[in-house]
Amino acid sequence: MNAFSKKVYSAALKIPFGEVRSYKWVAEKIGRPKAFRAVGQALKNNPYPLIIPCHRVVNSGGSLGGYSRGKKTKKMLLDLERYLKQCIENKK
DNA sequence: CAAACTATTCAGC
DNA sequence: GCTGAATAGTTTG
């Protein structure tokens with residue numbers, strides 16, 4: 001794992017629950033606004049897909065980007081998180 | 001070290 | 001909405 005990947009994972013972990021951020025956002029967060037592609041690379045090569053909310057990282061506009069397990073899984077996770085967030089905020 | 005690859009992004013039509 | 005071009009870092013040879 002390189003410093004770049006590390007930063008990417010840290011930024012991904014900073015993403016709030018039930019929300020999504022763009023690759024560009026992460027790239028700027030880590031100090032490489034023009035490395036949005038490398039960000040995706042690091043995420044797809046992420047060593048710990050379970051502790052890294054890579055599914056919260058999408059393309060610009062909030063559209064679904066890619067995912068190691070397929071876009072469908074990503075969509076499912078995002079939907080699930082949205083639902084859980086709603087439950088928590090509504091205390092239901 | 002260089003070339004290829006990549007879960008992208010922006011501009012133009 | 002799709003196509004083409006640009007860009008940065010990792011990985012492989």
Side-chain angles (χ1 to χ4, degrees):
Chain A
M1 184 199 288
N2 310 319
F4 182 75
S5 312
K6 212 168 168 187
K7 284 181 178 181
V8 174
Y9 306 144
S10 292
L13 288 161
K14 284 175 192 168
I15 302 174
F17 182 86
E19 298 199 31
V20 297
R21 287 294 184 271
S22 58
Y23 292 95
K24 206 170 150 207
W25 181 89
V26 177
E28 288 192 39
K29 242 24 180 181
I30 65 179
R32 262 87 187 148
K34 282 175 283 164
F36 33 76
R37 288 180 137 188
V39 172
Q41 278 279 55
L43 284 172
K44 101 168 172 40
N45 284 303
N46 72 52
Y48 313 110
L50 299 174
I51 67 171
I52 299 169
C54 33
H55 57 266
R56 284 186 209 155
V57 186
V58 296
N59 356 336
S60 62
S63 305
L64 272 179
Y67 196 57
S68 313
R69 278 357 194 193
K71 296 177 281 190
K72 204 140 188 235
T73 310
K74 188 169 185 174
K75 195 175 189 258
M76 185 182 73
L77 287 163
L78 289 171
D79 192 56
L80 181 66
E81 287 199 352
R82 260 190 318 169
Y83 174 71
L84 290 172
K85 194 189 172 199
Q86 238 179 109
C87 288
I88 293 166
E89 295 206 343
N90 286 300
K91 213 175 177 195
K92 186 151 185 265

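Each chain gets a letter, A, B and so on, in the order the sequences are listed, and its residues count up from 1.
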Item to check | Sugar-phosphate, base or nothing in reach of A:Asn2, heavy atoms under 4.0 Å | outcome: sugar-phosphate
Next on the checklist: Under 4.0 Å from a heavy atom of chain A: give me the 5'-most and 3'-most nucleotides of DNA chain C that qualify.
Outcome noted: C:dA6 to C:dT11
Item to check | Contact summary for A:Met1 and A:Pro47, nearest pair of heavy atoms | outcome: CE-CG, 3.8 Å
Item to check | For DNA chain B, the dot-bracket pattern of Watson-Crick and G-U pairs whose distances stay under 3.5 Å, | for other-strand partners | outcome: ||||||.||||||
Checklist outcome for this item: With the side chain defined as heavy atoms from C-beta on, A:Gln41 is closest, among B:dT6, B:dT9, B:dA7, to B:dT6
Checklist entry - Which whole-number value in Å describes the distance from A:Lys71 NZ to B:dT8 C1'? => result 14 Å
Checklist entry - Where the side chain of A:Arg56 meets the backbone of A:Ile15, is there a donor-acceptor pair that is under 3.5 Å apart? => result yes
Checklist entry - Taking all atoms of both residues into account, what is the closest heavy-atom pair of A:Ala27 and A:Ala35, and its distance? => result CB-C, 4.1 Å
Item to check | A:Ser63 vs A:Val58 side-chain heavy atoms within contact, under 4.5 Å | outcome: no
Next on the checklist: Does any part of the side chain of A:Glu19, heavy atoms only, come nearer than 4.5 Å to the side chain of A:Lys85, both counted from C-beta?
Outcome noted: yes
Checklist entry - Rounded to the nearest 0.5 Å, how far apart are CD of A:Glu81 and CE of A:Met76? => result 10.5 Å
Item to check | Main-chain N/O of A:Phe36 paired with A:Lys24 side-chain donor or acceptor, under 3.5 Å | outcome: no
Checklist entry - Just how far, in rounded Å, is P of B:dA7 from CD1 of A:Ile15? => result 18 Å
Checklist entry - So, does the side chain of A:Tyr23 form a donor-acceptor pair with the base of B:dA7 at under 3.5 Å? => result yes
Checklist entry - Under 3.5 Å, side chain of A:Tyr67 to main-chain N/O of A:Cys54, donor-acceptor pair present? => result no
Item to check | Euclidean distance, atom CG of residue A:Leu64 to atom P of B:dT8 [Å, nearest integer] | outcome: 12 Å
Checklist outcome for this item: Per nearest nucleotide of DNA chain B, the residue lying toward the 5' end, A:Ser68 or A:Lys24, is A:Ser68
Checklist outcome for this item: Taken to the nearest whole Å, CZ/A:Arg21 to P/B:dT9 is 14 Å
Checklist entry - Would one find a side-chain N or O of A:Ser22 under 4.0 angstrom from OP1 or OP2 of B:dT8? => result no
Checklist entry - Given that A:Arg37 and A:Phe4 both sit by DNA chain C, which one's nearest nucleotide is further toward the 5' end? => result A:Arg37
Checklist entry - When you measure from the side chain of A:Lys74 to the backbone N and O of A:Val57, does any donor-acceptor pair fall under 3.5 Å? => result yes
